[in-house]
Peer 1: 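To start, I am sharing the structure in question, which I have written as C-alpha coordinates.
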Amino acid sequence: MVKDQTTLTFYGGVNEIGGNKILLQDKDTKVFFDFGMSFTAKKKFYSPPFLSPKNEKSLQELGILPQIQGIYKFDQTSPETNAMFLSHGHLDHSAYLSFIKREIPVYCGETTQTILRSLSETRRADLEFDVGDINFNVFRTGNKIKVDNVVVEPIHVDHSIPGAYGFLIHTSNGTIVYTGDFRDHGAKPEMTQEFVEKAREVEPVAIVTEATNMTGATVSNEVEVEVKLDKISSQVDGILLAEFGYSDVDRFNTFYRIAKKNNRCLAVSLKQAYLLDALHKDMHLQVPALDDDGILIFRKSKKRYEKWETKLIERFDGEGKIFDVFEVSKQQCKMVLAVSFYDFEELNNIQPVAGSCYVLSASEPFNEEMEIDYERLVNWLSHYGLPQYHVHVSGHMMPLQLKAALRKINAKQVFPVHTENAELFKKFMGNAAGQVTLVEKSKEYPL
Ligand SMILES: [Zn+2]
Ligand SMILES: [Zn+2]
(Lines give C-alpha, C1' and ligand atoms only; values in the text may rest on other atoms or scores of the structure.)
(Ligands and ions follow the chains in the order given, each with its own letter.)
Protein backbone atom coordinates (compact mmCIF):
# COMPACT_ATOMS: atom_id res chain seq x y z
CA MET A 1 0.00 0.00 0.00
CA VAL A 2 1.36 3.39 -0.95
CA LYS A 3 1.15 5.89 1.89
CA ASP A 4 0.47 9.51 1.10
CA GLN A 5 2.82 10.87 3.71
CA THR A 6 6.48 11.79 3.92
CA THR A 7 8.51 10.23 6.71
CA LEU A 8 12.04 10.15 8.11
CA THR A 9 13.63 7.11 9.75
CA PHE A 10 17.01 7.29 11.46
CA TYR A 11 18.98 4.04 11.29
CA GLY A 12 22.17 5.60 12.62
CA GLY A 13 23.57 8.83 14.01
CA VAL A 14 21.17 8.49 16.95
CA ASN A 15 22.83 9.17 20.33
CA GLU A 16 26.21 8.75 18.66
CA ILE A 17 28.67 10.87 16.73
CA GLY A 18 28.50 9.60 13.18
CA GLY A 19 27.05 6.47 11.65
CA ASN A 20 24.37 8.55 9.90
CA LYS A 21 21.87 6.49 7.89
CA ILE A 22 18.75 8.50 7.25
CA LEU A 23 15.83 7.17 5.19
CA LEU A 24 13.39 9.56 3.58
CA GLN A 25 10.16 8.06 2.24
CA ASP A 26 7.84 10.10 0.09
CA LYS A 27 4.86 8.03 -1.08
CA ASP A 28 6.61 5.09 -2.74
CA THR A 29 9.99 6.81 -3.14
CA LYS A 30 12.78 5.83 -0.76
CA VAL A 31 16.03 7.78 -0.56
CA PHE A 32 18.85 7.32 1.90
CA PHE A 33 21.07 10.16 3.09
CA ASP A 34 24.49 8.84 4.14
CA PHE A 35 25.27 5.27 5.05
CA GLY A 36 28.16 5.48 7.47
CA MET A 37 29.99 3.22 9.82
CA SER A 38 29.00 3.60 13.45
CA PHE A 39 32.27 3.77 15.44
CA THR A 40 30.46 3.85 18.78
CA ALA A 41 28.35 0.76 18.17
CA LYS A 42 31.32 -1.08 16.71
CA LYS A 43 33.61 -0.25 19.60
CA LYS A 44 31.20 -1.89 22.02
CA PHE A 45 31.98 -5.30 20.56
CA TYR A 46 35.10 -5.11 18.43
CA SER A 47 38.73 -4.11 18.72
CA PRO A 48 40.48 -4.42 15.35
CA PRO A 49 42.57 -5.95 13.95
CA PHE A 50 42.34 -9.08 16.09
CA LEU A 51 38.71 -8.85 17.01
CA SER A 52 37.04 -7.71 13.80
CA PRO A 53 33.65 -8.56 12.32
CA LYS A 54 33.87 -11.55 9.99
CA ASN A 55 30.60 -11.10 8.14
CA GLU A 56 27.48 -8.99 7.86
CA LYS A 57 25.49 -11.48 9.92
CA SER A 58 27.37 -10.68 13.10
CA LEU A 59 27.16 -6.95 12.38
CA GLN A 60 23.38 -7.28 12.08
CA GLU A 61 23.12 -9.54 15.09
CA LEU A 62 24.89 -6.92 17.23
CA GLY A 63 22.84 -4.04 15.86
CA ILE A 64 25.82 -2.40 14.16
CA LEU A 65 24.32 -2.82 10.70
CA PRO A 66 20.55 -2.13 10.74
CA GLN A 67 17.94 -4.62 9.51
CA ILE A 68 16.54 -3.04 6.35
CA GLN A 69 14.71 -4.75 3.47
CA GLY A 70 15.78 -4.50 -0.16
CA ILE A 71 19.03 -2.66 0.29
CA TYR A 72 21.88 -5.06 1.02
CA LYS A 73 23.83 -6.94 -1.62
CA PHE A 74 23.90 -10.04 0.59
CA ASP A 75 20.12 -10.42 0.62
CA GLN A 76 18.43 -11.78 -2.48
CA THR A 77 15.42 -9.44 -2.51
CA SER A 78 15.02 -6.87 -5.25
CA PRO A 79 16.14 -3.31 -4.49
CA GLU A 80 13.56 -1.23 -2.64
CA THR A 81 15.60 1.95 -2.40
CA ASN A 82 15.61 4.46 -5.25
CA ALA A 83 18.85 6.26 -4.48
CA MET A 84 21.45 7.11 -1.91
CA PHE A 85 23.11 10.51 -1.34
CA LEU A 86 26.40 11.07 0.48
CA SER A 87 27.01 14.34 2.30
CA HIS A 88 30.80 13.79 2.37
CA GLY A 89 33.58 11.21 2.37
CA HIS A 90 34.19 10.65 6.10
CA LEU A 91 33.83 6.99 6.94
CA ASP A 92 31.12 7.61 9.52
CA HIS A 93 28.94 8.78 6.60
CA SER A 94 30.10 6.62 3.73
CA ALA A 95 31.85 3.36 4.68
CA TYR A 96 28.80 1.08 4.89
CA LEU A 97 28.07 1.65 1.21
CA SER A 98 30.18 -1.47 1.20
CA PHE A 99 27.04 -3.53 1.91
CA ILE A 100 24.69 -1.83 -0.54
CA LYS A 101 23.26 -3.44 -3.67
CA ARG A 102 25.28 -2.12 -6.57
CA GLU A 103 22.19 -1.35 -8.67
CA ILE A 104 21.12 1.38 -6.24
CA PRO A 105 22.45 4.68 -7.64
CA VAL A 106 24.78 6.56 -5.28
CA TYR A 107 25.11 10.35 -5.60
CA CYS A 108 27.98 12.38 -4.16
CA GLY A 109 30.20 15.37 -4.88
CA GLU A 110 33.10 14.90 -7.29
CA THR A 111 35.63 15.39 -4.50
CA THR A 112 33.96 12.75 -2.36
CA GLN A 113 34.23 10.34 -5.26
CA THR A 114 37.96 11.12 -5.59
CA ILE A 115 38.53 10.63 -1.87
CA LEU A 116 36.64 7.33 -1.65
CA ARG A 117 38.34 6.02 -4.79
CA SER A 118 41.81 6.96 -3.48
CA LEU A 119 41.04 5.38 -0.16
CA SER A 120 39.86 2.16 -1.72
CA GLU A 121 42.92 2.05 -3.99
CA THR A 122 45.34 2.51 -1.11
CA ARG A 123 43.92 0.23 1.51
CA ARG A 124 43.05 -3.41 1.34
CA ALA A 125 39.33 -3.92 0.76
CA ASP A 126 37.67 -5.31 3.82
CA LEU A 127 34.15 -6.24 4.82
CA GLU A 128 33.36 -2.76 6.10
CA PHE A 129 35.00 -0.70 3.42
CA ASP A 130 34.77 -2.05 -0.08
CA VAL A 131 33.46 0.64 -2.40
CA GLY A 132 35.80 0.18 -5.37
CA ASP A 133 33.05 -1.12 -7.67
CA ILE A 134 30.43 1.53 -6.89
CA ASN A 135 29.29 3.66 -9.80
CA PHE A 136 29.06 7.09 -8.29
CA ASN A 137 26.88 9.77 -9.87
CA VAL A 138 28.52 13.09 -9.17
CA PHE A 139 26.76 16.37 -8.46
CA ARG A 140 27.69 20.01 -7.94
CA THR A 141 26.20 22.73 -5.77
CA GLY A 142 22.84 23.85 -7.05
CA ASN A 143 22.15 20.76 -9.19
CA LYS A 144 18.59 19.49 -8.86
CA ILE A 145 18.48 15.73 -8.90
CA LYS A 146 15.07 14.21 -9.43
CA VAL A 147 14.41 10.83 -7.85
CA ASP A 148 10.76 9.99 -8.60
CA ASN A 149 8.69 12.17 -6.24
CA VAL A 150 11.67 13.80 -4.63
CA VAL A 151 14.09 16.49 -5.86
CA VAL A 152 17.43 16.74 -4.07
CA GLU A 153 19.48 19.93 -4.19
CA PRO A 154 23.04 19.68 -2.80
CA ILE A 155 24.63 22.88 -1.45
CA HIS A 156 28.29 22.99 -0.41
CA VAL A 157 29.22 23.47 3.26
CA ASP A 158 32.53 23.88 5.04
CA HIS A 159 33.76 20.84 6.98
CA SER A 160 37.05 19.17 7.88
CA ILE A 161 37.13 17.34 4.53
CA PRO A 162 36.70 18.94 1.11
CA GLY A 163 33.61 18.23 -0.96
CA ALA A 164 31.08 18.33 1.90
CA TYR A 165 27.43 19.12 1.18
CA GLY A 166 24.15 19.76 2.90
CA PHE A 167 20.90 19.00 1.09
CA LEU A 168 17.59 20.69 0.38
CA ILE A 169 15.17 17.84 -0.18
CA HIS A 170 11.98 18.87 -1.92
CA THR A 171 9.19 16.38 -1.14
CA SER A 172 5.45 16.33 -1.78
CA ASN A 173 4.95 17.58 1.78
CA GLY A 174 7.44 20.45 1.80
CA THR A 175 11.21 20.83 1.86
CA ILE A 176 13.46 19.05 4.35
CA VAL A 177 16.97 20.33 5.05
CA TYR A 178 19.85 18.01 5.99
CA THR A 179 23.03 19.71 7.17
CA GLY A 180 25.42 16.77 6.91
CA ASP A 181 28.48 17.79 8.97
CA PHE A 182 29.24 21.50 8.84
CA ARG A 183 30.96 24.44 10.53
CA ASP A 184 31.42 28.15 10.03
CA HIS A 185 34.93 28.59 11.44
CA GLY A 186 36.92 26.65 8.84
CA ALA A 187 38.81 27.80 5.77
CA LYS A 188 35.64 28.50 3.76
CA PRO A 189 32.92 29.79 6.07
CA GLU A 190 31.18 31.48 3.13
CA MET A 191 30.06 28.09 1.82
CA THR A 192 28.22 27.33 5.04
CA GLN A 193 26.70 30.82 5.04
CA GLU A 194 25.43 30.21 1.52
CA PHE A 195 23.91 26.91 2.59
CA VAL A 196 22.14 28.53 5.54
CA GLU A 197 20.82 31.31 3.31
CA LYS A 198 19.50 28.86 0.69
CA ALA A 199 17.95 26.71 3.42
CA ARG A 200 16.16 29.76 4.82
CA GLU A 201 14.77 30.72 1.41
CA VAL A 202 12.96 27.39 0.93
CA GLU A 203 11.01 27.75 4.23
CA PRO A 204 11.60 24.15 5.26
CA VAL A 205 9.10 22.02 7.15
CA ALA A 206 11.93 20.16 8.88
CA ILE A 207 15.67 20.18 9.36
CA VAL A 208 17.92 17.26 10.24
CA THR A 209 20.92 18.86 11.85
CA GLU A 210 24.20 17.65 13.23
CA ALA A 211 24.69 18.65 16.88
CA THR A 212 28.14 17.20 17.57
CA ASN A 213 29.70 19.96 19.64
CA MET A 214 27.38 20.43 22.59
CA THR A 215 30.17 19.90 25.12
CA GLY A 216 33.76 21.09 24.98
CA ALA A 217 32.97 23.89 22.55
CA THR A 218 35.71 26.39 21.69
CA VAL A 219 36.05 29.79 20.06
CA SER A 220 38.65 29.55 17.35
CA ASN A 221 39.08 29.17 13.62
CA GLU A 222 41.43 27.82 10.97
CA VAL A 223 43.29 31.15 10.73
CA GLU A 224 44.06 31.03 14.45
CA VAL A 225 45.23 27.43 14.10
CA GLU A 226 47.70 28.60 11.48
CA VAL A 227 49.03 31.38 13.73
CA LYS A 228 49.56 28.92 16.59
CA LEU A 229 51.20 26.28 14.41
CA ASP A 230 53.47 28.90 12.93
CA LYS A 231 54.56 29.93 16.41
CA ILE A 232 55.35 26.35 17.40
CA SER A 233 57.13 25.62 14.15
CA SER A 234 59.34 28.69 14.48
CA GLN A 235 60.58 27.62 17.92
CA VAL A 236 61.05 23.87 17.60
CA ASP A 237 64.70 22.79 17.54
CA GLY A 238 64.34 19.30 16.13
CA ILE A 239 61.64 17.55 14.16
CA LEU A 240 58.02 18.67 14.29
CA LEU A 241 55.72 15.65 14.21
CA ALA A 242 52.20 16.52 13.10
CA GLU A 243 49.13 14.37 13.40
CA PHE A 244 46.12 15.50 11.37
CA GLY A 245 43.28 13.93 9.40
CA TYR A 246 44.41 12.21 6.23
CA SER A 247 41.66 13.88 4.22
CA ASP A 248 41.65 17.21 6.06
CA VAL A 249 42.98 19.18 3.11
CA ASP A 250 42.55 22.57 4.78
CA ARG A 251 44.75 21.43 7.65
CA PHE A 252 47.25 19.97 5.20
CA ASN A 253 47.43 23.38 3.48
CA THR A 254 47.88 25.07 6.85
CA PHE A 255 50.84 22.80 7.69
CA TYR A 256 52.23 23.21 4.19
CA ARG A 257 52.25 27.00 4.58
CA ILE A 258 53.73 27.08 8.10
CA ALA A 259 56.42 24.59 7.08
CA LYS A 260 57.39 26.77 4.12
CA LYS A 261 57.42 29.91 6.21
CA ASN A 262 59.83 28.32 8.67
CA ASN A 263 62.18 26.80 6.09
CA ARG A 264 60.93 23.31 6.63
CA CYS A 265 59.45 20.77 4.25
CA LEU A 266 56.19 18.99 4.94
CA ALA A 267 56.73 15.23 4.58
CA VAL A 268 53.54 13.25 4.01
CA SER A 269 52.91 9.51 3.92
CA LEU A 270 52.65 7.63 0.63
CA LYS A 271 48.93 7.22 1.26
CA GLN A 272 48.39 10.92 1.77
CA ALA A 273 50.59 11.74 -1.23
CA TYR A 274 48.40 9.47 -3.35
CA LEU A 275 45.27 11.33 -2.25
CA LEU A 276 46.85 14.78 -2.71
CA ASP A 277 47.95 13.81 -6.20
CA ALA A 278 44.34 12.92 -7.08
CA LEU A 279 42.92 16.06 -5.45
CA HIS A 280 45.47 18.31 -7.17
CA LYS A 281 43.58 17.62 -10.42
CA ASP A 282 40.36 18.94 -8.85
CA MET A 283 40.11 22.48 -10.21
CA HIS A 284 37.88 23.61 -7.36
CA LEU A 285 40.43 22.81 -4.66
CA GLN A 286 43.80 24.43 -4.15
CA VAL A 287 46.05 21.48 -3.47
CA PRO A 288 49.74 21.94 -4.37
CA ALA A 289 51.31 19.48 -6.80
CA LEU A 290 53.51 16.75 -5.35
CA ASP A 291 56.53 18.10 -7.19
CA ASP A 292 56.28 21.32 -5.18
CA ASP A 293 59.53 22.06 -3.32
CA GLY A 294 57.76 22.30 0.00
CA ILE A 295 56.50 18.72 -0.09
CA LEU A 296 58.40 15.51 0.60
CA ILE A 297 57.10 11.97 0.60
CA PHE A 298 57.92 9.81 3.58
CA ARG A 299 58.47 6.14 2.84
CA LYS A 300 57.90 3.95 5.87
CA SER A 301 60.26 1.04 6.38
CA LYS A 302 58.73 -2.21 5.21
CA LYS A 303 59.67 -5.34 3.37
CA ARG A 304 57.19 -5.17 0.53
CA TYR A 305 55.46 -2.22 -1.04
CA GLU A 306 52.05 -2.35 -2.68
CA LYS A 307 51.86 -1.73 -6.43
CA TRP A 308 50.52 1.82 -6.05
CA GLU A 309 53.31 2.58 -3.57
CA THR A 310 56.05 1.31 -5.88
CA LYS A 311 54.59 3.41 -8.70
CA LEU A 312 54.64 6.55 -6.60
CA ILE A 313 58.16 5.85 -5.34
CA GLU A 314 59.48 5.25 -8.87
CA ARG A 315 57.81 8.40 -10.15
CA PHE A 316 59.52 10.66 -7.62
CA ASP A 317 62.67 8.80 -6.66
CA GLY A 318 64.92 10.65 -9.12
CA GLU A 319 63.81 14.03 -7.74
CA GLY A 320 65.14 13.44 -4.22
CA LYS A 321 61.61 13.71 -2.94
CA ILE A 322 61.23 10.29 -1.34
CA PHE A 323 62.65 10.19 2.17
CA ASP A 324 63.12 7.09 4.28
CA VAL A 325 63.50 7.13 8.07
CA PHE A 326 67.27 7.62 7.92
CA GLU A 327 67.05 10.64 5.65
CA VAL A 328 64.31 12.09 7.84
CA SER A 329 66.48 11.44 10.87
CA LYS A 330 69.44 13.34 9.36
CA GLN A 331 67.40 16.46 8.55
CA GLN A 332 65.12 16.77 11.54
CA CYS A 333 65.27 20.52 11.93
CA LYS A 334 64.19 20.95 8.30
CA MET A 335 61.11 18.79 8.63
CA VAL A 336 57.45 18.78 9.57
CA LEU A 337 56.58 15.09 9.43
CA ALA A 338 52.91 14.14 9.08
CA VAL A 339 52.56 11.06 11.24
CA SER A 340 49.82 8.80 12.35
CA PHE A 341 49.91 7.14 15.72
CA TYR A 342 50.25 3.86 13.84
CA ASP A 343 53.61 5.00 12.46
CA PHE A 344 55.21 5.45 15.85
CA GLU A 345 57.42 2.41 15.39
CA GLU A 346 59.35 4.58 12.93
CA LEU A 347 60.50 6.79 15.80
CA ASN A 348 62.95 4.07 16.71
CA ASN A 349 64.93 4.84 13.56
CA ILE A 350 64.25 8.55 13.49
CA GLN A 351 65.42 9.07 17.09
CA PRO A 352 63.97 12.57 17.54
CA VAL A 353 66.66 14.97 18.78
CA ALA A 354 66.20 16.97 21.96
CA GLY A 355 63.80 19.86 21.43
CA SER A 356 61.52 18.01 19.00
CA CYS A 357 57.74 18.28 19.43
CA TYR A 358 54.52 16.48 18.60
CA VAL A 359 51.37 18.37 17.58
CA LEU A 360 47.99 16.69 17.71
CA SER A 361 45.99 18.59 15.17
CA ALA A 362 42.89 16.43 15.19
CA SER A 363 40.07 15.98 17.65
CA GLU A 364 40.95 13.98 20.69
CA PRO A 365 40.36 11.14 21.31
CA PHE A 366 38.01 10.58 18.39
CA ASN A 367 38.16 11.68 14.83
CA GLU A 368 36.17 10.63 11.85
CA GLU A 369 38.84 8.46 10.31
CA MET A 370 40.48 6.72 13.21
CA GLU A 371 40.44 6.29 16.93
CA ILE A 372 43.46 7.68 18.75
CA ASP A 373 44.61 5.39 21.50
CA TYR A 374 45.37 8.18 23.88
CA GLU A 375 47.03 6.36 26.73
CA ARG A 376 49.53 4.60 24.48
CA LEU A 377 50.19 7.80 22.58
CA VAL A 378 51.24 9.48 25.82
CA ASN A 379 53.59 6.59 26.63
CA TRP A 380 55.34 6.82 23.26
CA LEU A 381 55.74 10.59 23.49
CA SER A 382 57.10 10.32 26.97
CA HIS A 383 59.61 7.68 25.91
CA TYR A 384 61.01 9.92 23.16
CA GLY A 385 60.84 13.15 25.19
CA LEU A 386 58.29 14.80 22.93
CA PRO A 387 55.96 17.39 24.45
CA GLN A 388 52.46 17.30 23.04
CA TYR A 389 50.66 20.37 21.75
CA HIS A 390 46.98 20.19 20.85
CA VAL A 391 46.19 22.70 18.12
CA HIS A 392 42.93 22.09 16.37
CA VAL A 393 39.51 23.40 15.47
CA SER A 394 36.63 21.02 15.13
CA GLY A 395 34.89 20.17 11.87
CA HIS A 396 31.55 20.89 13.49
CA MET A 397 29.43 23.93 14.34
CA MET A 398 29.74 25.40 17.81
CA PRO A 399 26.54 25.64 19.91
CA LEU A 400 25.87 29.38 19.59
CA GLN A 401 26.62 29.42 15.88
CA LEU A 402 24.39 26.39 15.38
CA LYS A 403 21.56 28.06 17.25
CA ALA A 404 21.93 31.20 15.15
CA ALA A 405 21.92 29.18 11.93
CA LEU A 406 18.84 27.17 12.94
CA ARG A 407 17.04 30.32 14.03
CA LYS A 408 17.74 31.83 10.64
CA ILE A 409 16.65 28.72 8.72
CA ASN A 410 13.52 28.58 10.88
CA ALA A 411 12.28 25.08 10.04
CA LYS A 412 9.07 23.91 11.75
CA GLN A 413 10.65 20.71 13.08
CA VAL A 414 14.23 20.02 14.14
CA PHE A 415 15.77 16.56 14.33
CA PRO A 416 19.22 16.54 15.98
CA VAL A 417 21.56 13.72 14.89
CA HIS A 418 25.31 12.96 15.06
CA THR A 419 25.42 13.82 18.76
CA GLU A 420 25.63 12.24 22.18
CA ASN A 421 23.88 15.25 23.68
CA ALA A 422 20.48 15.52 21.98
CA GLU A 423 18.67 16.36 25.22
CA LEU A 424 21.13 19.10 26.08
CA PHE A 425 20.66 20.41 22.54
CA LYS A 426 16.87 20.45 22.96
CA LYS A 427 17.04 22.37 26.24
CA PHE A 428 19.61 24.78 24.84
CA MET A 429 17.52 25.47 21.73
CA GLY A 430 14.32 26.11 23.71
CA ASN A 431 11.79 27.62 21.35
CA ALA A 432 14.42 29.41 19.33
CA ALA A 433 13.94 27.54 16.08
CA GLY A 434 11.20 25.00 15.60
CA GLN A 435 9.99 22.00 17.56
CA VAL A 436 12.95 19.77 18.52
CA THR A 437 12.24 16.04 18.33
CA LEU A 438 14.58 13.61 20.10
CA VAL A 439 14.85 10.74 17.67
CA GLU A 440 14.82 7.05 18.41
CA LYS A 441 16.64 4.58 16.21
CA SER A 442 14.57 2.87 13.46
CA LYS A 443 11.36 4.73 14.37
CA GLU A 444 9.41 6.38 11.56
CA TYR A 445 8.68 10.13 11.92
CA PRO A 446 5.94 11.60 9.74
CA LEU A 447 6.34 15.23 8.74
ZN1 LIG B 1 30.40 12.80 10.83
ZN1 LIG C 1 32.40 14.49 8.83
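The figures that follow rest on heavy atoms only: side chains count, while hydrogens, waters and symmetry mates do not. First listed ligand is number 1; within each ligand, the first listed atom is number 1.
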Peer 1: Can you tell me which N/O/S atom of H418 has the shortest distance to the Zn ion (ligand 1)?
Peer 2: NE2

Peer 1: Can H88 and T112 be counted as having a side-chain donor-acceptor contact under 3.5 angstrom?
Peer 2: no

Peer 1: Does a sphere of radius 6.0 Å around CD in E61 hold more than 12 heavy atoms from other residues, nucleotides or ligands, not counting ones at 6.0 Å or beyond?
Peer 2: no

Peer 1: Backbone or side chain, does H93 get an N/O/S atom under 2.8 Å to the Zn ion (ligand 2)?
Peer 2: no

Peer 1: Answer yes or no for H396: is there an N/O/S atom below the 2.8 Å cut-off from the Zn ion (ligand 2)?
Peer 2: no

Peer 1: Quick check: of its N, O or S atoms, which one does H159 have closest to the Zn ion (ligand 2)?
Peer 2: NE2

Peer 1: If the plane angle is over 60° it's perpendicular, under 30° parallel, otherwise tilted; pick one for H396 and H418.
Peer 2: tilted

Peer 1: Should the pair F99 and Y96 be assigned to parallel (<30°), tilted (30 to 60°) or perpendicular (>60°) ring geometry?
Peer 2: perpendicular

Peer 1: Hey, which N, O or S atom on D92 ends up closest to the Zn ion (ligand 1)?
Peer 2: OD2

Peer 1: Within D181, is some N, O or S atom less than 2.8 Å away from the Zn ion (ligand 2)?
Peer 2: yes

Peer 1: Show your reasoning for whether ring pair (Phe, Tyr, Trp, His ring centres under 6.0 Å) applies to F428 and F425.
Peer 2: CA-CA 5 Å; F428 174 66; F425 169 87; 7.7 Å; no

Peer 1: Can you check ring pair (Phe, Tyr, Trp, His ring centres under 6.0 Å) on F85 and F33, steps first, answer last?
Peer 2: CA-CA 5 Å; F85 286 80; F33 291 87; 5.5 Å; yes

Peer 1: To check your reading of the site, what angle at the Zn ion (ligand 2) do NE2 of H88 and ND1 of H90 form, to 10°?
Peer 2: 90°

